[in-house]
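Since the structure comes first, as structure tokens, the remarks are kept for the end.
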Amino acid sequence: MDKFIVDGGVRLTGTVDISGAKNASLALMPACLLAPGTFTFRNTPNNRDLWTMSRLLGSMGVEMHLDGDVLTLDGSHLTSHEAPYDYVKQMRASIYVLGPLVARYGEARVSLPGGCNFGPRPVDLHLKGLEKLGASIEVEGGYIIAKADRLKGNHFHFDISSVGASVNIIMAAVLAKGHTTLTNVALEPEVTSVIDMLVSMGAKISGVGTTTLEIEGVDELRNTDVSTIPDRIEAATFLIAAAMTKGDVNVRKVAPQHLTAVTQALEDAGCTLDIGTDNIRISMDRNPDPVDITATIYPGYPTDSQAQWAAFMLTSTGAARIKDTIYPTRFGYVPELQRLGADIETGEGYCVVKGGAKLTGATVMSSDLRASASLVMAAMIAEGQTEILRVYHLDRGYEALEHKLGALGAVIRREKTEEF
Ligand code: EPZ
């Protein structure tokens, strides 16, 4: 298992290019199960989750080729309609094959995803949605077994705004017989990018950009060629890291309109932002004012960037409250930041970060993808050296993070460890 060694006291300056969005790519790729022929996915990020999804699809008979950031997938000759536990336990997004398999082949056997480091991650909405479209769902031996001669259009309301359930049910409904109305659909850009792709495949969907979708099922769809939207969470991570180090960084290949809640919070904290059409330049010359954030559904502040905000507030001139309404227990990074000397109190679904505590390097452990990003960021402003263990969490969602940070002036290197 790898670890990062990070020296503190750096200031990030220069330019960084953001990769394609992990959470869009993982949702787009299974659409290759919905139609024959070769699908082309451009601006595909090269990270661990992408490879897990590729291996899962490969295990089902999908042919895959990656040339730089251009991924091609061809699901014309599937050999299996099953997503084994081995893949699903590594990555919850494996469940995205469920909707397309039932819609096109009338059957799927998908392992139930486990929980993760920040609490239970139920899939009840995925299953209820498929049942509403006429699928029979059984759960046995830790597997979801879904069957349907042909899905039938219906009305389904998502009790909770869910990115994953929205993606799965939309990908099922486009091939259902008849009309489907979906209400309370998630508005995250990653969901919208799936809808845009399905429309390019011949799906009939109206209401894009709203929480109500009207879908006219079709008998077949066609392959397509799409470009993955920029990763708004990676962009947020670099913007906040630059601000924490009182740096001056131009973050390129972004969609600024996808992270307005983050840029607003950064401006409220006193950062100077110059926002272009596909770049954001940020500079900061002082400790930030404390700014409270509440992680909520899009377009609110993203839960995937709340740990990063906590790290930023370690340098603030006061106390900032960070609340997560999506994952109330997503604060596994707090004890690790406290090992560096952070002064943070936690409560039910929130923490309060008190700025100004002296941070000193220590050995800390990643707990989930975004939490580990906050540890790297805090290590960059701590005195001395910090070891961050289990960086495989980071590798799941960041492409070559140590190289991108190093190019901006961070002193960070990767080392192999004996730790099992
Ligand atoms: C997606 O997870 C992202 N993952 C997560 O990013 C992100 O944190 C999350 O959306 C919220 O924005 C991918 O896109 C691969 P949800 P997802 O369904 O789809 C509850 C990262 O770091 N819920 O929107 O699993 C659920 O418990 C990852 O890249 C149900 O109750 O999240 C949560 O409280 C971490 N039943 C809320 O909905 C369901 O059937 C939102 O979850 C589904 C979800």
Side-chain angles (χ1 to χ4, degrees), residues 19-30 45 47-50 52-53 56 87-88 90-99 110 112-132 137 139 144 156-171 184-194 211 228-229 231-237 258-259 261-262 294-308 324-330 332-333 349 366-374 393-399 401:
S19 302
K22 162 179 95 76
N23 291 347
S25 196
L26 295 175
L28 296 174
M29 292 166 69
N47 57 47
R48 187 186 168 102
D49 273 5
L50 164 99
T52 303
M53 180 61 82
L56 165 62
Y87 297 103
V88 180
Q90 295 177 58
M91 183 184 65
R92 171 185 167 75
S94 304
I95 197 168
Y96 282 156
V97 302
L98 183 61
V110 175
L112 277 170
C116 66
N117 290 310
F118 47 86
R121 304 278 295 276
V123 292
D124 57 308
L125 292 173
H126 298 246
L127 305 185
K128 283 177 189 161
L130 286 174
E131 282 181 324
K132 205 66 188 291
I137 303 283
V139 176
I144 301 159
F156 181 66
H157 177 80
F158 295 91
D159 294 339
I160 299 176
S161 177
S162 160
V163 170
S166 295
V167 167
N168 234 332
I169 301 310
I170 293 166
M171 287 205 284
N184 198 29
V185 176
L187 293 174
E188 275 70 4
E190 294 75 27
V191 178
T192 302
S193 74
V194 170
T211 57
T228 308
I229 59 172
D231 194 315
R232 61 193 169 102
I233 305 303
E234 184 192 16
T237 304
H258 290 165
L259 57 157
V262 175
T294 298
T296 182
I297 60 174
Y298 190 85
Y301 192 98
T303 174
D304 293 347
S305 299
Q306 59 99 332
Q308 296 90 317
D324 196 325
T325 63
I326 295 185
Y327 299 116
T329 56
R330 193 178 191 173
Y333 59 87
S366 309
S367 56
D368 80 67
L369 163 55
R370 308 304 175 177
S372 27
S374 73
H393 288 292
L394 268 165
D395 294 337
R396 288 191 54 188
Y398 290 97
E399 180 176 350
L401 183 64

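For ligands, and for the atoms within them, numbers begin at 1 and follow the listed sequence. Along the sequence shown, the residues carry numbers beginning at 1.
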TODO: Show your working on salt bridge (charged side-chain N to carboxylate O under 4.0 Å, His left out) between Asp49 and Arg92 and close with a plain yes or no.
DONE: CA-CA 10 Å; Asp49 273 5; Arg92 171 185 167 75; over 6 Å; no

- [ ] Begin from the C-alpha positions of Glu190 and Arg232 and carry the test salt bridge (charged side-chain N to carboxylate O under 4.0 Å, His left out) through to its verdict.
- [x] CA-CA 10 Å; Glu190 294 75 27; Arg232 61 193 169 102; 2.8 Å; yes

Open item on the list: For Lys132 and Ile169: C-alpha separation, side-chain torsions, deciding distance, then whether side chain to side chain contact (heavy atoms under 4.5 Å, CB included) applies.
Closed with: CA-CA 10 Å; Lys132 205 66 188 291; Ile169 301 310; over 6 Å; no

TODO: Evaluate the criterion side chain to side chain contact (heavy atoms under 4.5 Å, CB included) for residue pair Val123 and Asn168; output intermediate values, then yes/no.
DONE: CA-CA 10 Å; Val123 292; Asn168 234 332; over 6 Å; no

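Nearest residue to atom 29 (O) of ligand 1 from Glu188, Arg370, Met53, His393 is Arg370 (criterion: closest heavy atom). Summarising the contacts of atom 30 (C) of ligand 1 with Ala295, Pro122, Ala373, the nearest heavy atom is found in Pro122. Compare Thr303, Asp304, Val191 by their heavy atoms: the one nearest to atom 21 (C) of ligand 1 is in Asp304.
When heavy-atom distances to ligand 1 are checked against a 4.0 Å cut-off, Asp124 comes that close through both its backbone and its side chain.
The contact set between ligand 1 and Tyr96, taken as ligand atoms under 4.0 Å from a residue heavy atom, comprises 14 (O).
Considering backbone and side-chain N/O atoms, Gly164 comes within less than 3.5 Å of an N/O atom of ligand 1. At least one N or O atom of Ile326, backbone or side chain, sits closer than 3.5 Å to an N or O atom of ligand 1. Backbone and side-chain nitrogen or oxygen atoms of Val163 are examined, and one is located within less than 3.5 angstrom of a nitrogen or oxygen of ligand 1. Checking only distances, Ala165 never comes within under 3.5 Å of ligand 1, N or O to N or O.
Within the 4.0 Å heavy-atom shell around ligand 1 one does not find Tyr298. Heavy-atom separations between Glu190 and ligand 1 are all 4.0 Å or longer.
A donor atom on one side chain and an acceptor atom on the other are found under 3.5 Å apart for Tyr398 and Thr237.
Side chain of Thr211 to main chain of Val185: no donor-acceptor pair is present (N/O by atom type, distance under 3.5 Å, no hydrogens or angles). Glu234 places a side-chain N or O within donor-acceptor distance of the main-chain N or O of Ser19, the cut-off being under 3.5 Å.
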